[in-house]
A.B. asks: 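One structure follows; several queries about it will come next.
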Amino acid sequence: MAVGKKILELQKKREKVLLGGGEQAIEKQKAMGKRTARERIMALLDDNSFNEYDMFVEHVGRDFDMEKKSLPSDGVIIGTGTIYGAPVAVFAQDFTVAGGSLGLMHSRKITKIMDHALKMRMPLIGINDSGGARIQEGVNSLAGYGEIFFRNTISSGVIPQLSVILGPCAGGAVYSPALTDFVFVVDNISKMFITGPEVIKTVLGEEISMEDLGGARIHSEVTGNAHFFSLSEEECFEQIKKLITFIPWNNSKKARMFEPAEPLAKYNISTIVPEDPTLPYDVKDVIRAVVDNSDFFEIMELYARNIVIGFGRMGGRTTGFVANQPMEMAGVLDVDSSDKAARFIRYCDAFNVPIITLVDLPGYLPGVDQEHAGVIRHGAKLLYAYSEATVPKLTVILRKAYGGGYIAMSSRHLRADFVFAWPSAEIAVMGPEGAANIIFRKEITSAEDPDAMRKQKVEEYKAKFANPYVAASRGYVDAVIEPSETRRILMHSIEVSENKDVPMPHKKHGLPPF
Ligand code: HXC
């Protein structure tokens, strides 16, 4: 059949728009190791699943000669598609068109797809690559950002929101990703900051590169603004796809079930944790020893490494893991690790993901720095997040559970549903050495051989308290289990918690220590 004139006209119009900001701008984009906005969407979504909307939208700028310029699709691509069959809504800013800057129609396209995502209850993925507010459109650009921030907030906890930073994300623009659930960054490509190097130089007289100010590593290791770090756009898209397999489409659903699979034999749970409580080990190996296929998908791997968070599957079900990391600062809780864990716990709670907590910590980190950094306020976030979470909460005390750390790490007292302890668990107000020094000070100082007396008292304290049996005798621990029983009993606990239903007192919302 001959192609009609009208169809030819449509094809020509499409071809023109698909050129974006033109060949030169595309070449510049490629030279930076970046794909174009549409290429990115194609790489991320299932083959042939993307449907684009608002392709023919044009900008409405009328000042500074803007009326003479065409900005194809107004510098942002929106649409819907699927990832491994799961529906997603997506927008991608097109840096080749006016630097992906956000004008009125650009923002209306983004808010349109955000509204669709919320209405259809599907995840939203935003790919950011933009010079920020389109300077020529003045307050219309600011209004656009405000509309986006509002929707990010209203959608929070209803649909998953993922932000991918694949270029600059400058000025107020950073607050949209900051309001979303997961932020992905790519080395040498992502740049996020409120005020750029030029402003800093003018105002403060300090010279700093964009990379050192707000590059991917800075946000992954130092600020904690990013959740996933990668070395290339390809790797980044693989991370996004994998995350999508672990999370539900919205807050009324559970994550997709997978075929159950046993952990790999090389992770022998009985030999990972050393008996000597002063020796470190990698708690991720304990997680790998209990999850299906030993496949643990870590989140915020490079930030506050003294706590580990991420997803795994138990018998095919997505499960969130929170674990102290004895390899890093003995696994203490501090300002950053409390923030990191608390936010993840709230994510799991909002999206029906059971939480398994693995405990091995000497407590909160002491020191003036921590006190002055607000460890009281930040540490309280962890207590708040665990207490208010109503998804199934399972706790395994591997070794040390001292003081406030014992309470904070999903203890029975914060309403853990099941608390298990290994025989190596030590549940006490503090470590035996510190405890003996305080409560037996007189005996030790007045002894003929204070060192020998101290040793004797430490041993006495250990025998009495540094074990799981005192807690088990009060029912704070439900069962003392052998390490090899851990996976089986955790899977059973998740299974019997399937229909957990906890009524909470009516309130508009609580006041977590933000
Ligand atoms: C209009 C912009 C623009 C902007 C870039 N462009 N940013 N146009 N408004 N904000 C245009 C450039 O004029 C240029 O157009 C094209 O995009 C590519 O930009 P280049 O500068 O050539 O690219 P590059 O060298 O890679 O530098 C990228 C950049 C730089 C670092 C992002 O463009 C930059 O610093 N832009 C301004 C960033 C900024 O301060 N934005 C405002 C933040 S305030 P031509 O036609 O030459 O190709 C803000 C407030 C929001 O966002 C508040 C919300 C609450």
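Start at 1 and go down the list; that is how both ligands and their atoms are numbered.
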A.B. asks: For atom 14 (C) of ligand 1, what's the nearest protein heavy atom and its distance?
C.D. replies: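 Ranking protein heavy atoms by distance from atom 14 (C) of ligand 1, first comes Gly99 N, 5.0 Å.
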A.B. asks: Protein heavy-atom contact under 4.0 Å for atom 29 (C) of ligand 1?
C.D. replies: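 Under the 4.0 Å cut-off, atom 29 (C) of ligand 1 has no protein heavy-atom neighbours at all.
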A.B. asks: When only distance counts, is Ser130 in polar contact with ligand 1, meaning an N/O pair under 3.5 Å?
C.D. replies: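 In fact, backbone or side chain, Ser130 has no N or O that close.
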A.B. asks: Taking it one step at a time, do Glu388 and Arg346 satisfy salt bridge (Lys or Arg N to Asp or Glu O under 4.0 Å)?
C.D. replies: CA-CA 9 Å; Glu388 76 168 350; Arg346 296 196 98 202; 2.6 Å; yes
A.B. asks: For Lys28, which part has a heavy atom under 4.0 Å from ligand 1: side chain, backbone, both, or neither?
C.D. replies: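 Lys28 to ligand 1: side-chain contact only, backbone stays beyond 4.0 Å.
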A.B. asks: When you compare ligand 1 with Leu142, is there at least one nitrogen or oxygen pair between them that comes in under 3.5 angstrom?
C.D. replies: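 Between Leu142 and ligand 1, no N or O pair is found under 3.5 Å apart.
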A.B. asks: With Gln161 as reference, evaluate Pro177, Ser176, Ser156 under the side chain to side chain contact (heavy atoms under 4.5 Å, CB included) test and give the passing residue.
C.D. replies: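 The passing option is Ser156.
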A.B. asks: Compute the ring centroids of Phe184 and Phe229, then answer whether they are less than 6.0 Å apart.
C.D. replies: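 So the answer is no for these two rings.
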A.B. asks: Test Lys69 against Glu58 for salt bridge (Lys or Arg N to Asp or Glu O under 4.0 Å), laying out the working first.
C.D. replies: CA-CA 10 Å; Lys69 274 195 184 162; Glu58 260 288 349; over 6 Å; no
A.B. asks: Can you confirm whether some protein heavy atom lies under 4.0 Å from atom 40 (O) of ligand 1, or whether none does?
C.D. replies: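 No, there is no protein heavy atom closer to it than 4.0 Å.
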A.B. asks: Using a strict 4.0 Å cut-off to heavy atoms of Arg134, name the atoms of ligand 1 that fall inside it.
C.D. replies: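 Once the distances to Arg134 are compared, the set is 1 (C), 9 (N).
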A.B. asks: Flag atom 33 (O) of ligand 1 as yes if some protein heavy-atom distance to it falls below 4.0 Å, otherwise no.
C.D. replies: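 Within 4.0 Å: no protein heavy atom nearby.
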A.B. asks: In terms of residue, atom name and distance, what is the protein heavy atom nearest to atom 31 (C) of ligand 1?
C.D. replies: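 Looking only at protein heavy atoms, the one closest to atom 31 (C) of ligand 1 is Met210 CE, 3.7 Å.
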A.B. asks: Which protein heavy atom lies closest to atom 6 (N) of ligand 1, and at what distance to 0.1 Å?
C.D. replies: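 Answer, as residue, atom name and distance: Ala98 O, 3.7 Å.
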A.B. asks: Protein heavy atoms near atom 21 (O) of ligand 1, is at least one of them under 4.0 angstrom away?
C.D. replies: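 Within 4.0 Å of atom 21 (O) of ligand 1, no protein heavy atoms are found.
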A.B. asks: Taking atom types as modelled and ignoring hydrogens, do the side chains of His106 and Gln93 form a donor-acceptor contact shorter than 3.5 angstrom?
C.D. replies: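 A donor-acceptor contact under 3.5 Å links the two side chains.
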A.B. asks: Just so I know, are the side chains of Arg134 and Met66 near enough to count as touching, which here means a heavy-atom distance under 4.5 Å?
C.D. replies: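 They are in side-chain contact.
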A.B. asks: Out of curiosity, is Gly196 lining ligand 1, as in a heavy atom under 4.0 Å away?
C.D. replies: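 Contact absent.
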A.B. asks: Check each heavy atom of Ser101 against ligand 1 and say whether those closer than 4.0 Å belong to the side chain, the backbone, both or neither.
C.D. replies: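 Just the side chain.
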A.B. asks: For atom 46 (O) of ligand 1, grab the closest protein heavy atom and report residue, atom and distance to one decimal in Å.
C.D. replies: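 Here the nearest protein heavy atom works out to Lys69 NZ, 4.4 Å.
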A.B. asks: Using a 4.0 Å heavy-atom cut-off, say whether Gln136 meets ligand 1 through its side chain, its backbone, both or neither.
C.D. replies: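 For Gln136, only side-chain atoms sit under 4.0 Å from ligand 1.
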A.B. asks: Within the structure, does at least one protein heavy atom fall under 4.0 Å of atom 12 (C) of ligand 1?
C.D. replies: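 For atom 12 (C) of ligand 1 the answer is no, since every protein heavy atom stays at 4.0 Å or beyond.
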A.B. asks: Considering distance alone, does some N or O of Gly131 sit under 3.5 Å from an N or O of ligand 1?
C.D. replies: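 Yes: some nitrogen or oxygen of Gly131 is under 3.5 Å from one in ligand 1.
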A.B. asks: Identify the residue among Lys241, Arg40, Arg35 that makes a salt bridge (Lys or Arg N to Asp or Glu O under 4.0 Å) with Glu234.
C.D. replies: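 Going through Lys241, Arg40, Arg35 one by one, the salt bridge (Lys or Arg N to Asp or Glu O under 4.0 Å) with Glu234 is satisfied by Arg35 alone.
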A.B. asks: Name the residue from Phe344, Phe351, Phe297, Phe321 that meets the ring-ring contact (aromatic ring centres under 6.0 Å, His included) definition with Phe311.
C.D. replies: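 Between Phe311 and the candidates, ring-ring contact (aromatic ring centres under 6.0 Å, His included) is satisfied uniquely by Phe344.
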A.B. asks: Hey, which atoms in ligand 1 end up nearer than 4.0 Å to a heavy atom of Pro168?
C.D. replies: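 That gives atoms 32 (C) of ligand 1.
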A.B. asks: On the six-membered ring of Phe246, is Arg313 placed so that its NZ or CZ lies under 6.0 angstrom from the centre and within 45° of the ring axis?
C.D. replies: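 Yes, Arg313 sits over the ring of Phe246.
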A.B. asks: Test the Lys340-Tyr303 pair against the cation-pi criterion, namely NZ or CZ under 6.0 angstrom from the six-membered ring centroid and within 45° of the ring axis.
C.D. replies: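 Not satisfied by the 6.0 Å and 45° rule.
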A.B. asks: Does Asp349 form a salt bridge (Lys or Arg N to Asp or Glu O under 4.0 Å) with Lys393? I'd like the steps, not just the answer.
C.D. replies: CA-CA 10 Å; Asp349 190 43; Lys393 294 182 283 192; over 6 Å; no
A.B. asks: Checking a contact table here: which protein heavy atom is nearest atom 50 (C) of ligand 1, and how many Å away?
C.D. replies: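 Ranked first by proximity to atom 50 (C) of ligand 1 is Ala133 CB, 3.8 Å.
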A.B. asks: Any protein heavy atom at under 4.0 Å, with atom 48 (O) of ligand 1 as the reference point?
C.D. replies: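 No, there is no protein heavy atom closer to it than 4.0 Å.
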A.B. asks: Would you say atom 37 (C) of ligand 1 makes contact with the protein, given that contact here means a non-hydrogen protein atom less than 4.0 Å away?
C.D. replies: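 Answer yes: something from the protein, a heavy atom, is under 4.0 Å.
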A.B. asks: Taking 4.0 Å as the limit for heavy-atom contacts, which would you say applies to Ala170 with ligand 1: side chain only, backbone only, both, or neither?
C.D. replies: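 Near ligand 1, Ala170 shows its backbone, while the atoms from C-beta on stay back.
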A.B. asks: I need the atoms of ligand 1 closer than 4.0 Å to a non-hydrogen atom of Tyr145, numbered in the order shown.
C.D. replies: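 Listed by number with element: 51 (C), 54 (C).
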A.B. asks: Output yes when the distance from some N or O of ligand 1 to some N or O of Ile135 is under 3.5 Å, and no in every other case.
C.D. replies: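 Yes; at least one N/O pair falls below 3.5 Å.
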A.B. asks: Out of Phe149, Phe64, Tyr175, who gets a non-hydrogen atom closest to atom 55 (C) of ligand 1?
C.D. replies: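 It is Phe149 whose heavy atom sits nearest to atom 55 (C) of ligand 1.
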A.B. asks: List every atom of ligand 1 that sits less than 4.0 Å from any heavy atom of Gly132, numbering the atoms from 1 in the order shown and giving each element.
C.D. replies: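 Ligand 1 atoms under the 4.0 Å threshold to Gly132: 52 (O).
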A.B. asks: Within less than 4.0 angstrom of ligand 1, does Met32 place any heavy atom?
C.D. replies: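 The answer is no: ligand 1 sits nowhere under 4.0 Å from a heavy atom of Met32.
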A.B. asks: Just do the side-chain contact (heavy atoms from CB on, under 4.5 Å) check on Tyr406 and Val359 with the steps written out, would you?
C.D. replies: CA-CA 8 Å; Tyr406 156 70; Val359 187; over 6 Å; no
A.B. asks: Might you work through the salt bridge (Lys or Arg N to Asp or Glu O under 4.0 Å) test for Lys201 and Glu207, ending with a clear yes or no?
C.D. replies: CA-CA 6 Å; Lys201 193 174 170 195; Glu207 298 242 12; 3.4 Å; yes
A.B. asks: Protein heavy atoms near atom 9 (N) of ligand 1, is at least one of them under 4.0 angstrom away?
C.D. replies: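 Flag for atom 9 (N) of ligand 1 set to true, protein heavy atom closer than 4.0 Å.
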A.B. asks: Between Ser73 and Lys109, is the side-chain contact (heavy atoms from CB on, under 4.5 Å) condition met? List the steps.
C.D. replies: CA-CA 9 Å; Ser73 305; Lys109 285 182 68 172; 3.5 Å; yes
A.B. asks: Can you measure from NZ (Lys6) to CD (Gln11) and round to the nearest 0.5 angstrom?
C.D. replies: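 Interatomic distance, Lys6 NZ to Gln11 CD, rounded to 0.5 Å: 14.0 Å.
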A.B. asks: Hey, are the side chains of Tyr175 and Ile194 touching, using non-hydrogen atoms and a 4.5 Å cut-off?
C.D. replies: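 Yes, side chains in contact.
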A.B. asks: When you measure from the heavy atoms of Phe95 to every atom of ligand 1, does any distance fall below 4.0 Å?
C.D. replies: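 Yes, Phe95 has heavy atoms under 4.0 Å from ligand 1.
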A.B. asks: Would you call Val183 and His219 a side-chain contact if the rule is heavy atoms closer than 4.5 Å?
C.D. replies: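 In short, these two side chains do not touch, never coming nearer than 4.5 Å.
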A.B. asks: Write out the residue and atom name of the closest protein heavy atom to atom 44 (S) of ligand 1, then the distance separating them to 0.1 Å.
C.D. replies: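 The closest one turns out to be Gly171 CA, 4.4 Å.
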